[in-house]
Amino acid sequence: MVERPQLRERARPPTERECADIPWLKVLSPEDRADAVDHLMVSVAVPGDRVCRIGRPSTFWFGVIDGLLKMSNDTSDGAQITYTGIPPGAWFGEGTLLKRETYRYNIEALRRSTVAGLTSDTFQRLLDRSIPFNRFVMNQLNERLGQFIAAREIDRHNQPDARVARNLAALFHPVLYPGVGDLLRITQQELGYLVGLSRQRVNQALNALQQAKLIRIDYGGVRVLDLDRLRRYTPPG
DNA sequence: CCATTAAACACCC
DNA sequence: GGGTGTTTAATGG
């Protein structure tokens with residue numbers, strides 16, 4: 001799955017438990033589901049590992065079983081543009097697979113992560129056979145479009161607290177990231193990386209959001225209390 | 001000025 | 001050991 005063999009663990013079939021957390025498996029017929037599981041592989045990526053790289057042919061549809069990835073792009077001057085974090089439950093890369101193109105962004109592990117991959121052939125086969133699968137993919141694309149439109153709005157307001165709030169809310173998206181639930185495992189360091197702020201400033205923002213009773217700061221993570229208001233947060237004043 | 005951040009430190013899980 | 005809270009000095013709009 002991960003194209004570069006820097007893995008701690010070789011790719012292996014998914015466990016029952018892991019399959020239970022893959023949302024689109026539930027919509028498939030028993031036959032299609034069996035076919036899919038047969039062509040699912042799971043591996044572990046350590047921090048810095050690239051799950052996919054720009055320019056590589058698309059060979060898998062990827063899903064995050066556990067951990068945290070980030071989607072980024074390299075600019076001409078060597079800097080990185082981070083687009084979004086990818087938390088547990090996310091499935092991505094379907095756009096590239098649909099167009100049968102090469103990947104247009106890098107996906108890198110921020111922490112030790114368990115990543116699943118469905119072979120491109122099987123992905124295409126499911127598209128041909130299964131209407132529920134098509135519906136799932138279509139819904140996924142639609143929800144993600146909403147995410148990116150929201151991301152543009154985030155960049156407009158450069159109020160740090162609001163940016164942290166909106167970015168957090170995006171990561172708690174229940175459809176795109178069903179594995180997150182109401183407790184997102186993310187360090188303040190990682191969040192700073194994704195939002196583009198320092199660790200202290202993220203901590204300051206989190207405390208403001210906690211004071212507003214929108215989240216609760218947990219050790220090594222954030223618990224959402226009111227997702228709707230978190231999404232709409234504006235700083236007092 | 002004021003906000004932000006890097007660096008350094010002391011806790012604590 | 002790593003994540004977190006905090007202080008201090010440097011930086012930049």
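Labels below follow one simple rule: chain letters A, B, ... track the order of the sequence lines, proteins then strands, and each chain is numbered from 1.
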*Indicate if A:F172 and A:V202 have the same hydrophobic cluster label, given that clusters are the connected sets of ILVMFWY residues with side-chain heavy-atom separations under 4.5 angstrom.*
yes
Identify all pairs in which a protein N or O lies below 3.5 Å from an N or O of nucleotides 7-11 of chain B, and state each distance.
unit_1, atom_1, unit_2, atom_2, d
B:dA7, N6, A:Q200, NE2, 3.3
B:dA8, N6, A:R199, NH2, 3.4

*Does the separation of the ring centres of A:W61 and A:F133 fall below 6.0 angstrom?*
yes
*Which of these, A:I215, A:L168, A:L191, A:V224, sits in a side chain to side chain contact (heavy atoms under 4.5 Å, CB included) with A:L184?*
A:L168
_Any salt bridge linking A:R185 with A:E190? Criterion: basic side-chain nitrogen under 4.0 Å from a carboxylate oxygen._
no
*Under-4.0 Å side-chain N/O to phosphate OP1/OP2 contact, A:R201 with B:dT5*: no
*Could you state whether A:L171 and A:V51 fall into the same hydrophobic cluster, counting links through intermediate Ile, Leu, Val, Met, Phe, Trp or Tyr residues with side-chain heavy atoms under 4.5 angstrom apart?*
no
*Would you please say whether a donor-acceptor pair under 3.5 Å links the side chains of A:E143 and A:H173?*
yes
*Salt bridge or not for A:R112 and A:D49, using N-O below 4.0 Å?*
no
*Salt-bridge test for A:R125 and A:D35: reply yes if a basic N is under 4.0 Å from a carboxylate O, no otherwise.*
yes
*In terms of the nearest nucleotide of DNA chain C, which residue is placed more toward the 5' end: A:N207 or A:Y219?*
A:Y219
*asked:* From CD of A:Q204 over to C1' of C:dT6, roughly how many Å is that when rounded to an integer?
replied: 12 Å
*For A:Y193, is the NZ or CZ atom of A:K70 found under 6.0 angstrom from the centre of its six-membered ring and inside 45 degrees of the ring axis?*
yes
Check nucleotides 10-13 of chain C for protein N or O atoms closer than 3.5 Å to its own N or O atoms and list the pairs.
none

_My understanding is that only one of A:F123, A:F92, A:W91 makes a ring-ring contact (aromatic ring centres under 6.0 Å, His included) with A:F62; could you say which?_
A:F92
_Can you pull out the residues from residues 180-196 of chain A that lie within a 4.0 Å heavy-atom distance of DNA chain B?_
none
*Would you kindly give the CZ-to-P distance between A:R111 and C:dG1, to the nearest whole Å?*
19 Å
*asked:* With a cut-off of less than 4.0 Å, is there a side-chain N or O of A:N203 near OP1 or OP2 of C:dG5?
replied: yes
_A:Q210 CD to C:dT4 P, straight-line distance once rounded to whole Å_ = 13 Å
*Should the pair A:D228-A:R231 be classified as a salt bridge under the 4.0 Å nitrogen-to-oxygen rule?*
yes
